[in-house]
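Scope of the values below: all heavy atoms of this structure, side chains included, with no hydrogens, waters or symmetry mates. Throughout, a chain's letter reflects where its sequence line sits, starting with A, and its residues are numbered from 1. Keep in mind that this is a model prediction, so the values were computed, not measured.
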There are 2 protein chains.
Amino acid sequence: MVLKFITRNKQTILYGISLALLLFLLKWLELRFIIIDHAFEIYIGFIALIFTGLGIWLALKLSRPRIETVVIEKEVMVEKSAGPVPDLNELEKLNLSKRELEVLQLMADGLSNQEIADRLFLSLNTIKTHSLRLFSKMDVERRTQAVDKAKKLNIIR
Amino acid sequence: MVLKFITRNKQTILYGISLALLLFLLKWLELRFIIIDHAFEIYIGFIALIFTGLGIWLALKLSRPRIETVVIEKEVMVEKSAGPVPDLNELEKLNLSKRELEVLQLMADGLSNQEIADRLFLSLNTIKTHSLRLFSKMDVERRTQAVDKAKKLNIIR
DNA sequence: ATAAAAATCACCCTTAAGTATGAATGAGGA
DNA sequence: TCCTCATTCATACTTAAGGGTGATTTTTAT
């Protein structure tokens with residue numbers, strides 16, 4: 001019972017002990033500097049202890065428990081929207097060339113620029129230019145964004 | 001040995017040190033106010049305030065927050081297709097942690113590491129480590145591959 | 001209580017990706 | 001024919017991503 005209390009409040013007890021030690025230190029310093037008034041020191045220490053306790057009590061009483069919200073997503077099946085294929089319209093709007101679309105598809109398959117270059121028997125620099133024009137036309141900045149957008153528009157598989 | 005003690009009781013020691021600083025401050029103020037004279041009530045009030053604050057701080061630091069679990073059901077639209085959903089099995093095989101999955105999802109949305117870090121209030125380095133572990137677990141080398149694979153396994157939307 | 005796993009962050013280094021600019025070539029339309 | 005555009009490639013630069021190692025802290029499970 002007592003042991004359990006001790007283990008559970010280990011830190012608080014340690015705090016109390018260190019406080020005691022500090023008061024002793026203060027006492028020692030008091031002697032050193034010959035600035036006296038025992039009653040005053042003790043009084044102050046007492047006040048400090050009491051109000052620390054008050055603070056702790058206040059905090060424990062007033063603090064609202066942290067609420068962890070667990071969101072359970074309930075899946076609801078819904079028909080895949082937008083009908084069969086909004087492909088062609090969107091694709092033409094973007095005005096991508098054959099090569100650019102090819103590069104885009106390979107990007108979506110997770111290939112690096114070098115791998116795309118090897119696959120298409122092109123230079124790495126060429127792939128870079130294609131991808132830059134591609135990003136520009138699709139109004140994105142990264143291949144990951146391009147792939148995401150392209151998939152959402154259904155212009156690639 | 002000593003080092004271990006220090007690391008283990010770091011918090012308590014920090015409390016002790018800050019308390020010591022506080023007491024020194026009070027000592028100094030005491031000298032000041034004694035010279036000014038008859039500011040006793042103010043002094044006491046000051047101490048009371050400070051130690052109440054200290055107590056509150058201590059309590060908030062030391063007390064483990066009570067956690068209330070609130071379950072909210074949230075309906076989410078899901079595409080009907082995607083076949084028989086090999087989700088959970090595959091997902092568990094990969095043994096991804098919550099964070100890793102979160103990072104993966106944000107990668108799939110085309111965010112850069114920096115943007116993911118900002119979104120999750122984490123360091124860029126943290127995102128890097130998460131993504132490295134992720135790539136390792138998924139047996140891929142690039143974010144684009146990871147996203148592609150994850151989508152094929154239906155472990156992300 | 002203690003071990004294990006998850007999560008966080010740092011530092012350093014290498015490689016890939018992205019940016020800017022310029023230029024040559026070839027096919028097809030005006 | 002002349003012009004446009006797609007395609008190809010280069011050089012040089014900046015930034016982001018990937019990779020390795022180690023440390024601390026928090027959470028979880030035993």
Side-chain angles (χ1 to χ4, degrees), chain A residues 3-4 6-11 66 68 70 92 94-104 106-148, chain B residues 3-14 61-67 69 92 94-104 106-108 110-148:
Chain A
L3 193 74
K4 200 173 182 183
I6 289 176
T7 52
R8 275 169 190 271
N9 298 280
K10 190 178 170 186
Q11 294 226 294
R66 193 197 297 165
E68 184 171 294
V70 176
E92 288 200 17
L94 290 174
N95 191 32
L96 301 184
S97 69
K98 269 173 286 180
R99 276 306 204 196
E100 285 160 357
L101 194 61
E102 250 180 309
V103 171
L104 177 58
L106 292 176
M107 275 182 178
D109 293 335
L111 301 199
S112 69
N113 285 338
Q114 186 61 62
E115 287 167 342
I116 297 173
D118 294 343
R119 182 78 63 96
L120 301 179
F121 302 104
L122 294 177
S123 156
L124 173 60
N125 288 306
T126 305
I127 305 303
K128 283 190 178 182
T129 21
H130 283 321
S131 60
L132 284 184
R133 296 167 92 55
L134 183 63
F135 297 159
S136 168
K137 286 181 183 174
M138 296 185 69
D139 193 33
V140 296
E141 293 169 315
R142 284 178 288 283
R143 67 216 281 97
T144 43
Q145 283 182 348
V147 169
D148 187 47
Chain B
L3 195 76
K4 199 173 181 184
F5 176 82
I6 289 176
T7 51
R8 273 170 193 268
N9 298 281
K10 194 176 171 185
Q11 286 211 317
T12 309
I13 290 170
L14 282 176
K61 274 284 170 186
L62 295 179
S63 72
R64 314 201 76 218
R66 282 161 288 173
I67 294 178
T69 301
E92 287 199 17
L94 290 173
N95 192 31
L96 301 183
S97 69
K98 268 174 286 180
R99 274 306 205 199
E100 286 160 356
L101 195 62
E102 250 178 309
V103 170
L104 177 58
L106 293 176
M107 275 181 179
L111 301 199
S112 69
N113 285 338
Q114 185 61 61
E115 288 167 340
I116 297 173
D118 294 342
R119 181 80 62 97
L120 301 180
F121 302 102
L122 294 177
S123 156
L124 174 59
N125 288 306
T126 305
I127 303 303
K128 284 188 178 183
T129 33
H130 282 319
S131 60
L132 284 183
R133 295 169 150 297
L134 183 62
F135 297 158
S136 167
K137 285 181 183 176
M138 295 186 70
D139 192 33
V140 296
E141 292 169 314
R142 283 178 288 283
R143 65 214 284 97
T144 43
Q145 282 182 348
V147 169
D148 186 47

* Whole angstrom is fine here: how far is it from NZ in A:K137 over to P in C:dG18? => 17 Å

* Separation of D:dA6 C1' from A:N95 CG (nearest whole Å) -> 11 Å

* Asked: Does the side chain of A:L120 come within less than 4.5 Å of A:L106's, by heavy atoms?
  -> yes

* **Closest non-hydrogen atom pair, B:M107 against B:F135** => CE-CZ, 3.8 Å

* Structure fact -> What residues 113-124 of chain B contributes to the DNA chain C interface at heavy-atom separation below 4.0 Å is B:L122, B:S123

* To the nearest Å, how far apart are A:K98 NZ and D:dC5 C1'? -> 12 Å

* Those residues that, when tested against B:D118, pass side chain to side chain donor-acceptor pair (under 3.5 Å) (two or more places apart) -> B:Q114

* A:S112, nearest nucleotide to its side chain (from D:dA10, C:dA16, C:dG18) -> C:dA16

* Only pairs at least two apart or in different chains count here, so list each side-chain hydrogen bond (donor to acceptor under 3.5 Å, both in side chains) that has a residue in residues 131-142 of chain A. => A:E100-A:K137, A:R142-B:E115

* For C:dA17, does OP1 or OP2 lie under 4.0 Å from any side-chain N or O of A:R143? -> yes

* **Spacing of A:N125 atom CG relative to C:dG22 atom P, expressed in whole Å** => 16 Å

* Asked: If you round to the nearest 0.5 Å, how far is CZ of A:R143 from CG of A:L134?
  -> 9.5 Å

* So, do A:R99 and A:T126 sit near enough that their side-chain heavy atoms are less than 4.5 Å apart? -> no

* Asked: Between residues 126-136 of chain B and DNA chain D, which residues have a heavy-atom gap below 4.0 Å?
  -> B:K128, B:L132, B:F135

* Any idea which heavy atoms bring B:K128 and B:N113 closest together, and the distance? -> CG-ND2, 4.4 Å

* Asked: Whole-Å distance between C:dA7 P and B:E100 CD?
  -> 6 Å

* To do: Specify the closest pair of heavy atoms between B:I116 and B:L111, including all atoms of both residues, with the distance to one decimal.
  => CG1-CB, 3.7 Å

* Rounded interatomic separation in angstrom, taking CG from B:D139 and P from D:dG19 -> 11 Å

* To do: Specify the separation, in whole Å, of atom CD of A:Q145 and atom C1' of D:dA16.
  => 13 Å

* the helix from C:dA1-D:dT30 to C:dA30-D:dT1: angle between its terminal axes, five pairs each, to 10°? -> 50°

* Asked: Would you say a side-chain N or O of B:R99 is under 4.0 Å from OP1 or OP2 of C:dT8?
  -> yes

Review item, nucleotides 28-30 of chain C N/O atoms under 3.5 Å of protein N/O:
none

* Asked: What does A:E141 touch in the nucleic acid at a heavy-atom separation under 4.0 angstrom: a base, only the sugar-phosphate, or nothing?
  -> sugar-phosphate

* Structure fact -> From CG of A:L111 across to C1' of C:dA16 the rounded distance in Å is 14 Å

* For B:V147 and A:V147, what are the C-alpha separation, side-chain angles and deciding distance, and is it a side chain to side chain contact (heavy atoms under 4.5 Å, CB included)? -> CA-CA 10 Å; B:V147 169; A:V147 169; 5.6 Å; no

* side chain to side chain contact (heavy atoms under 4.5 Å, CB included) evaluation trace for B:L132 with B:T129 -> CA-CA 5 Å; B:L132 284 183; B:T129 33; 5.5 Å; no

